[in-house]
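To keep things clear, I will list the structure first and then write my remarks on it.
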Amino acid sequence: MIHAPGESRAIRGPAKGGFRRSLLAWYRRTARDLPWRRKPEPYKVWIAEIILQQTRVEQGLPYYERFIASFPTLSALASAEEDAVLRVWEGLGYYRRARNLHRAAKVLAEQYEGRFPTTAREWMALPGVGRYTAGAIVSIAFGEPAPVLDGNVKRVLSRLRNITSCIDDTATERALWDEAAALVPRNAPGDFNQAMMELGARICTPRAPQCAACPVARHCAALALGVQEERPVRRAKKSIPRQEAVAAIVMKNGRYLMAKRPSDGLLAGLWEFPSAEVRSGQSHEAALIRGMKVLLGIDIEVAGMLGVMNHAYSHFRVNLSAYRCVHIGGKPIPAFHTQVKWILRHDFGQYALPKIARELLPLLGSRTGKR
């Protein structure tokens with residue numbers, strides 16, 4: 001059950017009107033000046049919402065501006081090559097977002113003849129668009145009173161109502177959607193939804209919420225009970241597994257051996273220095289020699305370590321040790337990857353690389369001798 005003894009019930013009646021007015025007045029007075037807000041065109045709102053799915057505004061803004069500069073229109077995005085889209089997306093992570101964005105652009109260009117859907121249901125039929133993103137787009141760009149429920153809004157609602165049940169539970173999340181739908185007004189739903197998100201991002205923060213500056217503090221049940229920092233209730237985080245891996249930096253005639261990952265799965269469609277997982281009890285050298293034989297069918301000698309990189313993915317962390325290796329036999333033929341190439345160092349900018357591969361580039365030094 002979403003309610004427990006002493007919890008606040010949903011904001012209704014005159015209180016709801018006062019809540020909306022206070023929140024909207026605060027938002028219109030203090031909202032951050034963001035480019036997609038100045039003139040909320042559907043294309044720009046869509047791009048912004050996809051970027052911000054897994055990225056904070058401060059981090060995502062430069063990527064948004066770079067993406068819009070590269071693909072200023074739906075037509076430009078739909079007609080682009082996937083590799084070009086991934087290159088512009090590079091550094092944002094969660095690359096499935098970029099691939100789905102590209103696929104959705106093609107659907108809009110071909111099946112919708114370049115028109116944008118005006119309902120949340122239609123948007124949710126597109127690749128990479130869920131209920132939250134659809135609600136944000138149609139409320140901001142088309143003035144449709146659709147609710148939104150991201151992490152910020154969940155936190156705001158859980159404190160407003162002092163929800164003691166876990167917000168990760170399906171029943172609680174369903175009730176939060178109902179509450180968000182009940183609150184969103186028919187007039188200015190886009191401003192209201194952005195105000196809720198802005199409140200969570202700037203005032204109702206996960207730690208040390210700024211309750212004294214909150215425009216709707218008088219409506220907050222958790223604050224009234226002094227338990228605002230105990231909300232929302234979340235499931236305990238699982239420990240994150242750690243993997244040990246090795247990368248082969250193979251240079252021949254001034255070119256580096258690179259491999260393109262499959263179009264599905266982790267880092268899909270990106271180019272990388274071929275790497276292998278280190279099995280329990282296995283040396284780095286043995287893992288490299290075996291890995292390059294299995295993955296690419298080549299024989300190598302390990303010449304020396306270049307450095308160690310640490311990187312966190314969504315569900316695991318990896319320690320990647322990079323080694324300079326010498327190609328001594330066999331033509332590279334991919335068994336796991338889709339392509340392999342020998343690439344000049346100054347051409348790396350033409351390929352979409354994962355962050356960990358890009359961070360390896362300075363370790364290569366200026367050495368360009370032949371092998």
Side-chain angles (χ1 to χ4, degrees), residues 82-83 86-87 89-91 93 95 241-371:
E82 183 179 277
D83 281 355
L86 292 175
R87 281 200 304 274
W89 194 269
E90 189 179 300
Y95 288 88
R242 187 176 294 274
Q243 293 183 4
E244 188 77 16
V246 285
I249 312 300
V250 185
M251 186 175 67
K252 186 175 183 179
N253 297 326
R255 297 173 184 266
Y256 291 89
L257 183 62
M258 301 289 287
K260 187 176 185 181
R261 294 181 66 90
S263 57
D264 291 312
L266 181 69
L267 303 177
L270 302 185
W271 290 83
E272 66 178 359
F273 296 103
S275 60
E277 187 175 353
V278 180
R279 296 177 176 178
S280 178
Q282 191 178 38
S283 70
H284 283 193
E285 182 176 4
L288 279 166
I289 291 172
R290 180 185 182 279
M292 295 311 103
K293 190 68 174 179
V294 170
L295 291 172
L296 299 175
I298 62 173
D299 296 311
I300 62 166
E301 286 182 354
V302 180
M305 179 184 282
L306 288 174
V308 179
M309 311 299 295
N310 296 301
H311 192 71
Y313 294 95
S314 56
H315 300 299
F316 70 98
R317 296 179 182 274
V318 63
N319 294 332
L320 181 70
S321 300
Y323 288 83
R324 193 179 298 279
C325 299
V326 180
H327 177 221
I328 59 175
K331 179 181 178 180
I333 299 175
F336 165 74
H337 299 87
T338 59
Q339 296 181 54
V340 290
K341 284 186 178 181
W342 294 96
I343 299 174
L344 289 168
R345 181 174 177 177
H346 62 68
D347 288 337
F348 281 139
Q350 300 177 22
Y351 296 84
L353 309 181
K355 183 178 180 181
I356 196 167
R358 188 68 67 185
E359 290 175 348
L360 284 172
L361 299 185
L363 302 181
L364 302 182
S366 59
R367 184 175 178 178
T368 56
K370 296 183 178 182
R371 287 283 186 183

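All residue numbers in this chain count up from 1 along the given sequence.
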Problem set entry | Donor-acceptor under 3.5 Å (Arg261 side chain, Leu266 main chain) | yes

Exercise. Taking side chain as C-beta onward, heavy atoms only, is Asn319 less than 4.5 Å from Arg242?
Worked result: yes

Exercise. Is Ile289 close to Ile300 at the side-chain level, that is, under 4.5 Å between some pair of heavy atoms?
Worked result: yes

Exercise. Closest heavy-atom contact between Gly330 and Ile298?
Worked result: O-CG2, 3.5 Å

Exercise. Are the side chains of Leu364 and Met251 in touch, meaning some heavy atoms are under 4.5 Å apart?
Worked result: no

Problem set entry | Heavy-atom check, side chain of Met292 versus side chain of Pro332, under 4.5 Å | no

May I have the list of side-chain donor-acceptor pairs in residues 347-358 shorter than 3.5 Å, sequence neighbours left out?
| from | atom 1 | to | atom 2 | distance (Å) |
| --- | --- | --- | --- | --- |
| Asp347 | OD1 | Gln350 | NE2 | 3.3 |
| Arg358 | NE | Glu90 | OE2 | 2.5 |
| Arg358 | NH2 | Glu90 | OE1 | 2.9 |
| Arg358 | NH2 | Glu90 | OE2 | 2.7 |
| Arg358 | NH2 | Tyr351 | O | 3.3 |

Exercise. Can you tell if the side chain of Leu344 reaches within under 4.5 Å of the side chain of Arg255, non-hydrogen atoms only?
Worked result: yes

Exercise. Can you name the nearest heavy-atom pair linking Ala322 to Ile249, along with the distance?
Worked result: CB-CG1, 4.2 Å

For this session: Looking only at non-hydrogen atoms, find the nearest pair between Leu86 and Gly269 and report the distance.
Result: CD1-O, 3.7 Å

Problem set entry | Sub-4.5 Å side-chain heavy-atom contact between His284 and Glu244 | yes

Exercise. Looking only at heavy atoms, what is the nearest atom pair of Cys325 and Leu288, with distance?
Worked result: SG-CD1, 4.3 Å

Exercise. Say you draw a straight line from CD of Gln243 to CZ of Phe316; how long is it, rounded to the nearest 0.5 Å?
Worked result: 4.5 Å

For this session: Indicate yes or no: at least one non-hydrogen side-chain atom of Val302 is less than 4.5 angstrom from one of Val246.
Result: no

Exercise. Side-chain contact, heavy-atom cut-off 4.5 Å: Val250 with Trp342?
Worked result: yes

Exercise. What distance separates His337 NE2 from Leu295 CG, expressed to the nearest 0.5 Å?
Worked result: 6.0 Å

Problem set entry | Heavy-atom closest pair, residues Gly307 and Leu363 | CA-CD1, 4.0 Å

For this session: Search all heavy atoms of Gly291 against all heavy atoms of Ala276 and return the closest pair with its distance.
Result: CA-CB, 3.9 Å

